[in-house]
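Proteins come first, then strands; the chains are lettered A, B, ... in the order of their sequence lines, and each starts at number 1. Hydrogens, waters and symmetry mates are skipped; everything else that's a heavy atom, side chains included, is used.
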Number of protein chains: 2
Amino acid sequence: MIVRQAANVLEIMEFFAQTRKPATLAEIADHFGWPRSSTFNLLATLSEKGYLYEPRPRAGFYPTPRWLAMARMISEVEPLPPWTHTLVTDLSAETGETASIVAPAGVMAVFIDVVESKAAIRYFATIGHRVPIHATASGRALLLQYSQEERDSVYRKIEFKQYGPSTPISIEAVETELRNSIQRGYCQSFGDYSRDLAGAAIPLPISDRRLSVVVAGPEFRIGPKVEEVAALIARTVDRLRPKAAA
Amino acid sequence: MIVRQAANVLEIMEFFAQTRKPATLAEIADHFGWPRSSTFNLLATLSEKGYLYEPRPRAGFYPTPRWLAMARMISEVEPLPPWTHTLVTDLSAETGETASIVAPAGVMAVFIDVVESKAAIRYFATIGHRVPIHATASGRALLLQYSQEERDSVYRKIEFKQYGPSTPISIEAVETELRNSIQRGYCQSFGDYSRDLAGAAIPLPISDRRLSVVVAGPEFRIGPKVEEVAALIARTVDRLRPKAAA
DNA sequence: GGAAAATGTACATATATGTGAATTTATATG
DNA sequence: CATATAAATTCACATATATGTACATTTTCC
(Lines give C-alpha, C1' and ligand atoms only; values in the text may rest on other atoms or scores of the structure.)
Protein backbone atom coordinates (compact mmCIF):
# COMPACT_ATOMS: atom_id res chain seq x y z
CA MET A 1 0.00 0.00 0.00
CA ILE A 2 1.26 3.41 -0.93
CA VAL A 3 1.11 6.11 1.71
CA ARG A 4 -0.35 8.93 -0.27
CA GLN A 5 0.64 11.88 1.87
CA ALA A 6 4.17 10.57 2.18
CA ALA A 7 4.40 10.38 -1.59
CA ASN A 8 2.92 13.87 -1.83
CA VAL A 9 5.73 15.30 0.27
CA LEU A 10 8.22 13.87 -2.18
CA GLU A 11 6.22 15.16 -5.14
CA ILE A 12 6.17 18.65 -3.71
CA MET A 13 9.90 18.60 -3.21
CA GLU A 14 10.48 17.31 -6.72
CA PHE A 15 8.20 20.05 -7.96
CA PHE A 16 10.37 22.68 -6.29
CA ALA A 17 13.54 20.98 -7.54
CA GLN A 18 12.19 21.36 -11.07
CA THR A 19 10.66 24.80 -11.02
CA ARG A 20 13.28 26.27 -8.72
CA LYS A 21 11.15 29.16 -7.60
CA PRO A 22 8.61 29.87 -4.89
CA ALA A 23 5.04 28.75 -5.51
CA THR A 24 1.79 29.82 -3.90
CA LEU A 25 -0.75 27.44 -2.41
CA ALA A 26 -3.01 27.92 -5.40
CA GLU A 27 -0.25 27.17 -7.90
CA ILE A 28 0.72 23.98 -6.13
CA ALA A 29 -2.89 22.84 -5.75
CA ASP A 30 -3.58 23.48 -9.44
CA HIS A 31 -0.37 21.84 -10.58
CA PHE A 32 -1.18 18.57 -8.82
CA GLY A 33 -4.93 18.83 -9.09
CA TRP A 34 -5.20 18.68 -5.31
CA PRO A 35 -8.02 20.37 -3.40
CA ARG A 36 -6.97 23.67 -1.87
CA SER A 37 -7.89 22.57 1.59
CA SER A 38 -5.70 19.49 1.39
CA THR A 39 -2.85 21.46 -0.09
CA PHE A 40 -3.25 23.93 2.72
CA ASN A 41 -2.88 21.21 5.33
CA LEU A 42 0.17 19.75 3.67
CA LEU A 43 1.95 23.06 3.24
CA ALA A 44 1.09 24.00 6.81
CA THR A 45 2.61 20.75 8.05
CA LEU A 46 5.82 21.23 6.09
CA SER A 47 6.03 24.83 7.24
CA GLU A 48 5.42 23.98 10.86
CA LYS A 49 8.22 21.47 10.75
CA GLY A 50 10.55 24.13 9.38
CA TYR A 51 10.94 22.80 5.87
CA LEU A 52 9.03 25.50 4.00
CA TYR A 53 9.03 29.26 4.36
CA GLU A 54 8.03 32.39 2.51
CA PRO A 55 11.15 33.99 1.07
CA ARG A 56 9.30 37.18 0.24
CA PRO A 57 5.88 38.37 1.25
CA ARG A 58 3.05 37.00 -0.86
CA ALA A 59 5.36 35.29 -3.31
CA GLY A 60 4.57 31.85 -2.01
CA PHE A 61 6.44 28.99 -0.39
CA TYR A 62 9.89 27.61 -0.95
CA PRO A 63 11.89 24.90 0.86
CA THR A 64 14.22 26.07 3.62
CA PRO A 65 17.92 25.12 3.56
CA ARG A 66 16.98 22.57 6.16
CA TRP A 67 16.54 20.03 3.40
CA LEU A 68 20.10 20.57 2.34
CA ALA A 69 21.43 20.43 5.89
CA MET A 70 19.60 17.15 6.49
CA ALA A 71 20.64 15.61 3.18
CA ARG A 72 24.26 16.54 3.87
CA MET A 73 24.18 14.88 7.27
CA ILE A 74 22.75 11.74 5.75
CA SER A 75 25.18 11.58 2.86
CA GLU A 76 28.30 12.37 4.83
CA VAL A 77 28.30 8.82 6.13
CA GLU A 78 30.08 6.32 3.98
CA PRO A 79 29.87 8.46 0.94
CA LEU A 80 31.05 6.73 -2.18
CA PRO A 81 34.80 7.16 -2.47
CA PRO A 82 35.52 10.10 -4.79
CA TRP A 83 37.09 7.92 -7.45
CA THR A 84 33.73 6.31 -8.26
CA HIS A 85 32.39 9.63 -9.43
CA THR A 86 35.48 10.13 -11.57
CA LEU A 87 34.78 6.65 -12.89
CA VAL A 88 31.30 7.45 -14.17
CA THR A 89 32.38 10.88 -15.38
CA ASP A 90 35.22 9.39 -17.41
CA LEU A 91 33.09 6.55 -18.72
CA SER A 92 30.37 8.90 -19.83
CA ALA A 93 32.90 11.21 -21.50
CA GLU A 94 34.69 8.41 -23.34
CA THR A 95 31.63 6.49 -24.47
CA GLY A 96 29.29 9.43 -24.95
CA GLU A 97 26.66 7.43 -23.07
CA THR A 98 25.06 7.55 -19.64
CA ALA A 99 27.17 5.94 -16.89
CA SER A 100 25.97 5.04 -13.39
CA ILE A 101 26.79 3.44 -10.08
CA VAL A 102 24.04 1.11 -8.93
CA ALA A 103 23.12 -0.45 -5.57
CA PRO A 104 20.62 -3.14 -4.50
CA ALA A 105 17.20 -2.39 -3.01
CA GLY A 106 15.33 -5.66 -2.58
CA VAL A 107 14.18 -6.86 -5.99
CA MET A 108 15.20 -3.57 -7.51
CA ALA A 109 18.48 -1.86 -8.31
CA VAL A 110 18.82 1.86 -7.49
CA PHE A 111 20.99 4.37 -9.29
CA ILE A 112 23.11 6.10 -6.69
CA ASP A 113 25.34 8.11 -9.00
CA VAL A 114 24.63 9.08 -12.57
CA VAL A 115 26.47 11.05 -15.25
CA GLU A 116 24.23 11.55 -18.24
CA SER A 117 25.22 11.34 -21.82
CA LYS A 118 25.14 14.62 -23.71
CA ALA A 119 23.68 13.03 -26.82
CA ALA A 120 20.22 14.13 -27.93
CA ILE A 121 19.06 10.52 -27.92
CA ARG A 122 20.24 9.09 -24.63
CA TYR A 123 19.40 6.99 -21.65
CA PHE A 124 17.64 9.30 -19.27
CA ALA A 125 18.23 8.27 -15.66
CA THR A 126 18.53 10.13 -12.39
CA ILE A 127 19.86 9.36 -8.96
CA GLY A 128 17.16 7.33 -7.22
CA HIS A 129 15.89 5.74 -10.44
CA ARG A 130 14.98 2.07 -9.93
CA VAL A 131 15.01 -0.91 -12.26
CA PRO A 132 14.32 -4.65 -11.73
CA ILE A 133 17.45 -6.32 -10.44
CA HIS A 134 17.07 -9.43 -12.61
CA ALA A 135 16.21 -7.78 -15.90
CA THR A 136 19.03 -5.29 -16.27
CA ALA A 137 22.76 -5.43 -16.81
CA SER A 138 23.44 -3.34 -13.72
CA GLY A 139 21.12 -5.44 -11.58
CA ARG A 140 22.65 -8.74 -12.67
CA ALA A 141 26.09 -7.34 -11.90
CA LEU A 142 24.77 -6.99 -8.36
CA LEU A 143 23.28 -10.50 -8.28
CA LEU A 144 26.66 -11.92 -9.27
CA GLN A 145 27.95 -10.79 -5.89
CA TYR A 146 25.26 -12.65 -3.94
CA SER A 147 25.54 -16.17 -2.58
CA GLN A 148 23.19 -18.77 -4.04
CA GLU A 149 20.98 -18.62 -0.91
CA GLU A 150 20.74 -14.85 -1.08
CA ARG A 151 19.85 -14.99 -4.75
CA ASP A 152 17.15 -17.60 -4.10
CA SER A 153 15.68 -15.39 -1.44
CA VAL A 154 15.50 -12.51 -3.92
CA TYR A 155 14.03 -14.73 -6.65
CA ARG A 156 11.15 -15.72 -4.41
CA LYS A 157 10.03 -12.10 -4.24
CA ILE A 158 10.39 -11.30 -7.90
CA GLU A 159 7.27 -11.06 -9.97
CA PHE A 160 8.50 -12.15 -13.38
CA LYS A 161 7.10 -9.95 -16.10
CA GLN A 162 7.68 -9.98 -19.81
CA TYR A 163 8.95 -6.41 -20.19
CA GLY A 164 10.31 -7.16 -23.65
CA PRO A 165 11.06 -10.07 -25.97
CA SER A 166 14.35 -10.88 -24.20
CA THR A 167 13.25 -10.48 -20.58
CA PRO A 168 14.21 -13.55 -18.52
CA ILE A 169 10.89 -14.74 -17.12
CA SER A 170 12.03 -17.58 -14.89
CA ILE A 171 14.60 -18.23 -12.19
CA GLU A 172 16.41 -20.62 -14.50
CA ALA A 173 16.56 -18.00 -17.26
CA VAL A 174 18.14 -15.53 -14.88
CA GLU A 175 20.63 -18.08 -13.54
CA THR A 176 21.58 -19.03 -17.09
CA GLU A 177 22.13 -15.42 -17.99
CA LEU A 178 24.31 -15.00 -14.88
CA ARG A 179 26.43 -18.00 -15.92
CA ASN A 180 26.78 -16.52 -19.39
CA SER A 181 27.82 -13.23 -17.87
CA ILE A 182 30.61 -14.89 -15.91
CA GLN A 183 31.81 -16.60 -19.12
CA ARG A 184 31.61 -13.35 -21.02
CA GLY A 185 33.30 -11.36 -18.27
CA TYR A 186 30.57 -8.73 -18.06
CA CYS A 187 26.81 -8.36 -17.83
CA GLN A 188 24.72 -7.07 -20.68
CA SER A 189 21.11 -6.36 -21.48
CA PHE A 190 19.38 -5.64 -24.77
CA GLY A 191 15.96 -4.29 -24.07
CA ASP A 192 15.40 -6.84 -21.30
CA TYR A 193 13.58 -4.16 -19.34
CA SER A 194 13.36 -0.95 -21.36
CA ARG A 195 12.66 -1.04 -25.04
CA ASP A 196 15.57 -0.04 -27.26
CA LEU A 197 17.89 0.25 -24.28
CA ALA A 198 21.14 -1.64 -24.06
CA GLY A 199 23.79 -1.66 -21.37
CA ALA A 200 27.00 -3.25 -20.18
CA ALA A 201 27.82 -3.60 -16.49
CA ILE A 202 30.35 -5.13 -14.13
CA PRO A 203 30.29 -5.74 -10.37
CA LEU A 204 31.93 -3.06 -8.24
CA PRO A 205 32.43 -4.33 -4.69
CA ILE A 206 33.65 -1.52 -2.41
CA SER A 207 34.61 -2.56 1.12
CA ASP A 208 31.56 -4.64 2.09
CA ARG A 209 29.15 -2.85 -0.23
CA ARG A 210 27.90 -4.55 -3.33
CA LEU A 211 27.67 -2.06 -6.16
CA SER A 212 27.92 -2.13 -9.91
CA VAL A 213 28.92 0.22 -12.75
CA VAL A 214 26.88 0.39 -15.91
CA VAL A 215 27.12 2.19 -19.22
CA ALA A 216 23.80 2.33 -21.04
CA GLY A 217 22.33 3.90 -24.13
CA PRO A 218 20.23 3.25 -27.24
CA GLU A 219 20.57 -0.26 -28.60
CA PHE A 220 21.70 0.91 -32.04
CA ARG A 221 24.66 2.80 -30.58
CA ILE A 222 25.65 0.38 -27.82
CA GLY A 223 24.91 -2.85 -29.71
CA PRO A 224 27.89 -2.89 -32.05
CA LYS A 225 30.36 -2.07 -29.33
CA VAL A 226 29.17 -3.76 -26.12
CA GLU A 227 32.31 -5.75 -25.78
CA GLU A 228 34.49 -2.71 -26.32
CA VAL A 229 32.45 -0.72 -23.79
CA ALA A 230 32.66 -3.52 -21.23
CA ALA A 231 36.41 -3.69 -21.65
CA LEU A 232 36.65 0.06 -21.23
CA ILE A 233 34.67 -0.13 -17.99
CA ALA A 234 37.01 -2.80 -16.65
CA ARG A 235 40.13 -0.87 -17.66
CA THR A 236 38.82 2.36 -16.18
CA VAL A 237 37.96 0.69 -12.87
CA ASP A 238 41.45 -0.80 -12.81
CA ARG A 239 42.99 2.57 -13.44
CA LEU A 240 41.01 4.49 -10.84
CA ARG A 241 40.51 2.02 -7.99
CA PRO A 242 43.15 2.51 -5.29
CA LYS A 243 45.56 -0.43 -5.44
CA ALA A 244 45.61 -1.21 -1.74
CA ALA A 245 41.85 -1.38 -1.32
CA ALA A 246 39.76 -4.53 -1.54
CA MET B 1 -4.51 20.25 10.76
CA ILE B 2 -1.29 18.32 10.71
CA VAL B 3 -0.80 15.75 7.96
CA ARG B 4 0.54 12.86 9.95
CA GLN B 5 2.21 10.84 7.23
CA ALA B 6 3.83 13.94 5.81
CA ALA B 7 5.29 14.68 9.22
CA ASN B 8 6.38 11.05 9.53
CA VAL B 9 8.45 11.29 6.36
CA LEU B 10 10.31 14.21 7.87
CA GLU B 11 10.75 12.38 11.16
CA ILE B 12 12.23 9.36 9.43
CA MET B 13 14.68 11.52 7.56
CA GLU B 14 15.65 13.35 10.72
CA PHE B 15 16.11 10.01 12.38
CA PHE B 16 18.59 8.96 9.70
CA ALA B 17 20.32 12.34 9.85
CA GLN B 18 20.89 11.69 13.55
CA THR B 19 21.81 8.04 13.65
CA ARG B 20 23.68 8.11 10.36
CA LYS B 21 23.43 4.42 9.76
CA PRO B 22 21.03 2.00 8.15
CA ALA B 23 18.04 0.88 10.21
CA THR B 24 15.72 -2.09 9.83
CA LEU B 25 11.96 -1.89 9.72
CA ALA B 26 11.74 -3.18 13.27
CA GLU B 27 14.23 -0.64 14.60
CA ILE B 28 12.40 2.25 13.01
CA ALA B 29 9.00 1.00 14.15
CA ASP B 30 10.25 0.57 17.73
CA HIS B 31 12.03 3.92 17.77
CA PHE B 32 8.88 5.82 16.89
CA GLY B 33 6.44 3.44 18.52
CA TRP B 34 4.72 2.91 15.18
CA PRO B 35 2.99 -0.34 14.29
CA ARG B 36 5.12 -2.53 12.06
CA SER B 37 2.48 -2.65 9.37
CA SER B 38 2.32 1.12 9.11
CA THR B 39 6.07 1.41 9.14
CA PHE B 40 6.16 -1.16 6.39
CA ASN B 41 3.85 0.93 4.22
CA LEU B 42 5.84 4.08 4.77
CA LEU B 43 9.20 2.50 4.06
CA ALA B 44 7.78 0.81 0.98
CA THR B 45 6.49 4.13 -0.29
CA LEU B 46 9.82 5.88 0.23
CA SER B 47 11.65 2.97 -1.38
CA GLU B 48 9.36 2.85 -4.37
CA LYS B 49 9.92 6.51 -4.99
CA GLY B 50 13.67 5.93 -4.94
CA TYR B 51 14.49 7.67 -1.69
CA LEU B 52 15.41 4.63 0.38
CA TYR B 53 17.48 1.57 -0.43
CA GLU B 54 19.29 -1.31 1.24
CA PRO B 55 23.01 -0.59 1.19
CA ARG B 56 23.86 -4.13 2.23
CA PRO B 57 21.70 -7.23 2.44
CA ARG B 58 19.62 -7.48 5.59
CA ALA B 59 21.26 -4.44 7.20
CA GLY B 60 18.19 -2.30 6.75
CA PHE B 61 17.25 0.86 4.94
CA TYR B 62 19.13 4.06 4.34
CA PRO B 63 18.29 7.16 2.29
CA THR B 64 19.62 7.24 -1.27
CA PRO B 65 21.74 10.17 -2.47
CA ARG B 66 18.60 11.34 -4.21
CA TRP B 67 17.82 13.45 -1.16
CA LEU B 68 21.08 15.25 -1.59
CA ALA B 69 20.63 15.69 -5.33
CA MET B 70 17.16 17.14 -4.79
CA ALA B 71 18.21 19.39 -1.93
CA ARG B 72 21.08 20.72 -4.01
CA MET B 73 18.79 21.55 -6.91
CA ILE B 74 16.49 23.41 -4.58
CA SER B 75 19.22 25.32 -2.81
CA GLU B 76 21.16 26.30 -5.89
CA VAL B 77 18.58 28.93 -6.63
CA GLU B 78 19.21 32.23 -4.98
CA PRO B 79 21.45 30.82 -2.37
CA LEU B 80 22.46 33.27 0.28
CA PRO B 81 25.52 35.16 -0.87
CA PRO B 82 28.61 33.52 0.63
CA TRP B 83 29.46 36.52 2.79
CA THR B 84 26.39 35.93 4.96
CA HIS B 85 27.80 32.63 6.12
CA THR B 86 31.11 34.33 6.88
CA LEU B 87 29.05 36.86 8.79
CA VAL B 88 27.48 34.34 11.15
CA THR B 89 30.72 32.39 11.45
CA ASP B 90 32.63 35.52 12.45
CA LEU B 91 29.93 36.70 14.81
CA SER B 92 29.75 33.36 16.55
CA ALA B 93 33.53 33.22 16.86
CA GLU B 94 33.88 36.74 18.23
CA THR B 95 30.94 36.62 20.64
CA GLY B 96 31.16 32.96 21.57
CA GLU B 97 27.39 32.80 21.07
CA THR B 98 25.05 31.31 18.49
CA ALA B 99 24.62 33.49 15.40
CA SER B 100 21.95 33.08 12.71
CA ILE B 101 20.38 34.42 9.55
CA VAL B 102 16.60 34.54 9.80
CA ALA B 103 13.79 34.81 7.23
CA PRO B 104 10.01 35.36 7.51
CA ALA B 105 7.44 32.57 7.31
CA GLY B 106 4.03 34.05 8.01
CA VAL B 107 3.74 34.77 11.72
CA MET B 108 6.96 32.92 12.34
CA ALA B 109 10.62 33.56 11.66
CA VAL B 110 12.75 30.68 10.32
CA PHE B 111 16.44 30.17 10.85
CA ILE B 112 18.03 29.70 7.46
CA ASP B 113 21.66 29.69 8.52
CA VAL B 114 23.04 28.94 11.96
CA VAL B 115 26.50 28.79 13.49
CA GLU B 116 26.26 27.45 17.00
CA SER B 117 28.17 28.65 19.99
CA LYS B 118 30.73 26.23 21.35
CA ALA B 119 29.87 27.04 24.97
CA ALA B 120 28.42 24.26 27.11
CA ILE B 121 25.47 26.47 27.96
CA ARG B 122 24.28 27.89 24.69
CA TYR B 123 21.36 28.72 22.50
CA PHE B 124 20.56 25.53 20.68
CA ALA B 125 19.08 26.26 17.26
CA THR B 126 19.18 24.51 13.90
CA ILE B 127 18.42 25.50 10.36
CA GLY B 128 14.67 25.32 9.99
CA HIS B 129 13.99 26.23 13.63
CA ARG B 130 11.00 28.57 13.96
CA VAL B 131 10.13 31.29 16.46
CA PRO B 132 7.24 33.78 16.67
CA ILE B 133 8.04 36.81 14.55
CA HIS B 134 6.74 39.36 17.07
CA ALA B 135 8.29 37.95 20.22
CA THR B 136 11.93 37.63 19.20
CA ALA B 137 14.75 40.01 18.35
CA SER B 138 15.33 38.35 14.99
CA GLY B 139 11.63 38.39 14.13
CA ARG B 140 11.21 42.05 14.98
CA ALA B 141 14.23 42.87 12.84
CA LEU B 142 12.19 41.34 10.00
CA LEU B 143 9.03 43.26 10.91
CA LEU B 144 11.00 46.51 10.76
CA GLN B 145 11.36 45.92 7.03
CA TYR B 146 7.59 45.60 6.47
CA SER B 147 5.24 48.42 5.53
CA GLN B 148 2.55 49.33 8.07
CA GLU B 149 -0.09 47.49 5.99
CA GLU B 150 1.99 44.35 5.77
CA ARG B 151 2.61 44.41 9.50
CA ASP B 152 -1.10 44.86 10.19
CA SER B 153 -1.82 41.87 8.01
CA VAL B 154 0.63 39.79 10.02
CA TYR B 155 -0.73 41.07 13.34
CA ARG B 156 -4.22 39.88 12.46
CA LYS B 157 -2.97 36.31 12.27
CA ILE B 158 -0.90 36.34 15.42
CA GLU B 159 -2.27 34.60 18.44
CA PHE B 160 -0.76 36.62 21.24
CA LYS B 161 0.49 34.39 24.01
CA GLN B 162 2.27 35.21 27.23
CA TYR B 163 5.41 33.13 26.66
CA GLY B 164 7.23 34.99 29.43
CA PRO B 165 6.92 38.05 31.64
CA SER B 166 8.17 40.40 28.92
CA THR B 167 6.28 38.97 25.91
CA PRO B 168 4.43 41.73 24.05
CA ILE B 169 0.80 40.58 24.11
CA SER B 170 -0.83 43.24 21.99
CA ILE B 171 -0.33 44.88 18.64
CA GLU B 172 0.39 48.15 20.40
CA ALA B 173 3.06 46.51 22.57
CA VAL B 174 4.78 45.14 19.49
CA GLU B 175 4.61 48.47 17.65
CA THR B 176 6.04 50.24 20.68
CA GLU B 177 8.88 47.77 20.86
CA LEU B 178 9.55 48.33 17.15
CA ARG B 179 9.70 52.09 17.69
CA ASN B 180 12.09 51.57 20.58
CA SER B 181 14.22 49.33 18.39
CA ILE B 182 14.53 52.05 15.78
CA GLN B 183 15.56 54.53 18.47
CA ARG B 184 18.03 52.07 19.91
CA GLY B 185 19.43 51.13 16.53
CA TYR B 186 18.89 47.39 17.02
CA CYS B 187 16.32 44.82 18.14
CA GLN B 188 16.61 42.96 21.39
CA SER B 189 14.71 40.38 23.37
CA PHE B 190 15.10 39.21 26.94
CA GLY B 191 13.16 36.02 27.38
CA ASP B 192 10.23 37.39 25.36
CA TYR B 193 9.75 33.94 23.90
CA SER B 194 12.23 31.50 25.44
CA ARG B 195 13.03 31.61 29.11
CA ASP B 196 16.55 32.82 29.95
CA LEU B 197 17.29 33.55 26.31
CA ALA B 198 18.46 36.95 25.14
CA GLY B 199 19.36 38.17 21.70
CA ALA B 200 20.33 41.17 19.61
CA ALA B 201 19.36 41.47 15.96
CA ILE B 202 19.41 43.87 13.04
CA PRO B 203 17.63 43.82 9.68
CA LEU B 204 19.59 42.38 6.78
CA PRO B 205 17.90 43.23 3.50
CA ILE B 206 19.56 41.42 0.59
CA SER B 207 18.38 42.38 -2.88
CA ASP B 208 14.60 42.14 -2.40
CA ARG B 209 14.76 39.59 0.39
CA ARG B 210 14.00 40.59 3.93
CA LEU B 211 16.32 38.82 6.32
CA SER B 212 17.87 39.52 9.70
CA VAL B 213 21.00 38.58 11.63
CA VAL B 214 20.79 37.66 15.27
CA VAL B 215 23.24 36.76 18.01
CA ALA B 216 21.59 34.95 20.89
CA GLY B 217 22.60 33.24 24.09
CA PRO B 218 21.82 32.90 27.78
CA GLU B 219 20.50 36.08 29.34
CA PHE B 220 23.26 36.24 31.92
CA ARG B 221 25.98 36.29 29.30
CA ILE B 222 24.28 38.47 26.68
CA GLY B 223 22.51 40.84 29.06
CA PRO B 224 25.51 42.93 30.17
CA LYS B 225 26.78 43.37 26.64
CA VAL B 226 23.76 43.61 24.33
CA GLU B 227 24.72 47.03 23.10
CA GLU B 228 28.26 45.91 22.42
CA VAL B 229 27.06 42.80 20.60
CA ALA B 230 24.63 44.83 18.52
CA ALA B 231 27.39 47.22 17.56
CA LEU B 232 29.60 44.30 16.61
CA ILE B 233 26.88 42.88 14.37
CA ALA B 234 26.49 46.21 12.61
CA ARG B 235 30.25 46.62 12.14
CA THR B 236 30.66 43.08 10.85
CA VAL B 237 27.85 43.50 8.34
CA ASP B 238 29.45 46.75 7.19
CA ARG B 239 32.79 45.03 6.77
CA LEU B 240 31.51 42.00 4.86
CA ARG B 241 28.66 43.33 2.74
CA PRO B 242 29.86 44.14 -0.77
CA LYS B 243 29.95 47.92 -1.13
CA ALA B 244 28.15 48.11 -4.48
CA ALA B 245 25.16 46.00 -3.45
CA ALA B 246 21.88 47.39 -2.16
C1' DG C 1 -12.06 53.92 -4.95
C1' DG C 2 -15.17 50.20 -5.34
C1' DA C 3 -16.57 45.68 -7.23
C1' DA C 4 -15.06 41.36 -8.77
C1' DA C 5 -11.90 37.76 -8.82
C1' DA C 6 -8.54 35.08 -6.72
C1' DT C 7 -6.50 33.21 -2.82
C1' DG C 8 -6.32 31.49 1.77
C1' DT C 9 -8.68 29.35 6.01
C1' DA C 10 -12.14 26.62 9.04
C1' DC C 11 -14.98 22.76 9.83
C1' DA C 12 -18.33 18.71 9.55
C1' DT C 13 -18.77 14.49 7.25
C1' DA C 14 -18.13 10.45 4.17
C1' DT C 15 -14.51 7.68 2.94
C1' DA C 16 -9.85 6.48 2.04
C1' DT C 17 -6.29 4.90 5.22
C1' DG C 18 -3.75 3.07 9.18
C1' DT C 19 -3.57 -0.75 12.01
C1' DG C 20 -4.29 -5.27 14.94
C1' DA C 21 -4.31 -9.81 14.22
C1' DA C 22 -3.06 -13.59 11.28
C1' DT C 23 0.27 -15.56 7.93
C1' DT C 24 4.50 -16.20 5.92
C1' DT C 25 9.40 -15.95 5.76
C1' DA C 26 13.98 -15.61 7.84
C1' DT C 27 17.25 -16.37 11.58
C1' DA C 28 18.92 -18.36 16.00
C1' DT C 29 19.22 -22.22 19.11
C1' DG C 30 19.30 -26.92 21.15
C1' DC D 1 18.51 -30.82 11.25
C1' DA D 2 14.23 -29.60 13.66
C1' DT D 3 12.17 -26.35 16.42
C1' DA D 4 11.67 -21.79 18.41
C1' DT D 5 11.92 -17.00 17.96
C1' DA D 6 11.96 -12.95 15.57
C1' DA D 7 11.07 -10.19 11.50
C1' DA D 8 8.53 -9.04 7.47
C1' DT D 9 4.11 -9.04 4.91
C1' DT D 10 -0.81 -9.35 3.98
C1' DC D 11 -5.58 -8.11 4.66
C1' DA D 12 -10.30 -6.79 6.44
C1' DC D 13 -12.33 -3.47 9.15
C1' DA D 14 -13.01 0.55 12.32
C1' DT D 15 -11.54 5.10 12.53
C1' DA D 16 -8.67 8.96 11.73
C1' DT D 17 -8.23 11.91 7.69
C1' DA D 18 -8.89 14.35 3.19
C1' DT D 19 -12.01 17.11 1.18
C1' DG D 20 -16.55 19.82 -0.34
C1' DT D 21 -18.58 23.59 1.07
C1' DA D 22 -18.83 28.00 3.10
C1' DC D 23 -16.53 32.08 4.73
C1' DA D 24 -12.78 35.60 5.08
C1' DT D 25 -9.23 38.09 3.28
C1' DT D 26 -6.33 40.02 -0.25
C1' DT D 27 -5.42 41.53 -4.90
C1' DT D 28 -6.70 43.00 -9.41
C1' DC D 29 -8.99 45.60 -12.58
C1' DC D 30 -11.88 49.11 -14.24
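- Which of C/dA26, C/dG8, D/dT9 sits closest to the side chain of A/R36 comes down to C/dG8.
- Here the P atom of nucleotide D/dG20 and the CG atom of A/N41 are 12 Å apart, to the nearest Å.
- If you take CH2 of B/W34 and P of C/dT19, they are 10 Å apart, rounded to a whole angstrom.
- Test B/Y146, B/Y155, B/F160 against B/H134 for ring-ring contact (aromatic ring centres under 6.0 Å, His included) and you get one pass: B/F160.
- Spacing between atom CD1 of A/I2 and atom C1' of C/dT19 amounts to 18 Å, rounded to whole angstrom units.
- A side-chain donor-acceptor contact under 3.5 Å links B/N8 and B/Q5.
- For the pair B/Q5 and C/dG18, the criterion of a side-chain N or O lying under 4.0 Å from OP1 or OP2 is met.
- Taking atom CZ of residue B/F32 and atom C1' of nucleotide C/dG18, one finds them 17 Å apart after rounding to whole Å.
- Comparing D/dA8, C/dT17, C/dT25 by their closest approach to the side chain of A/R4 singles out C/dT17.
- Taking the nucleotide of DNA chain D with the nearest heavy atom to each of B/T24 and B/V3, the more 5' of the two is matched to B/T24.
- Comparing C/dT25, C/dG18, C/dG8 by their closest approach to the side chain of A/R156 singles out C/dT25.
- Atom pair A/Y155:OH and C/dA26:P shows a separation of 15 Å (rounding to whole Å applied).
- Candidate nucleotides C/dG8, C/dG18, C/dA26 were compared by shortest atom distance to the side chain of A/K157, and C/dA26 ranks first.
- With distances taken from any side-chain atom of A/L25 to the nucleotides C/dT9, C/dT19, C/dG8, the minimum falls on C/dG8.
- The distance from atom CZ of A/F40 to atom C1' of D/dT19 is 14 Å, rounded to the nearest whole Å.
- Using cut-offs of 30° and 60° on the angle between ring planes, the pair B/F111 and B/Y123 is perpendicular.
- Applying the 3.5 Å distance criterion, the base of C/dG8 shares no donor-acceptor pair with the side chain of A/S37.
- The side chain of B/P35 lies closest to C/dG20 when the candidates are C/dG20, D/dA18, C/dG8.
- If you take OH of B/Y146 and P of D/dT26, they are 14 Å apart, rounded to a whole angstrom.
- For the pair A/V88/A/V213, a side-chain contact is recorded, criterion being any heavy-atom separation below 4.5 Å from C-beta on.
- More than 12 heavy atoms of other shown residues, nucleotides or ligands fall within 6.0 angstrom of atom CZ in A/R179.
- The CG-C1' distance, from A/L43 to C/dA10, rounds to 16 Å in whole Å.
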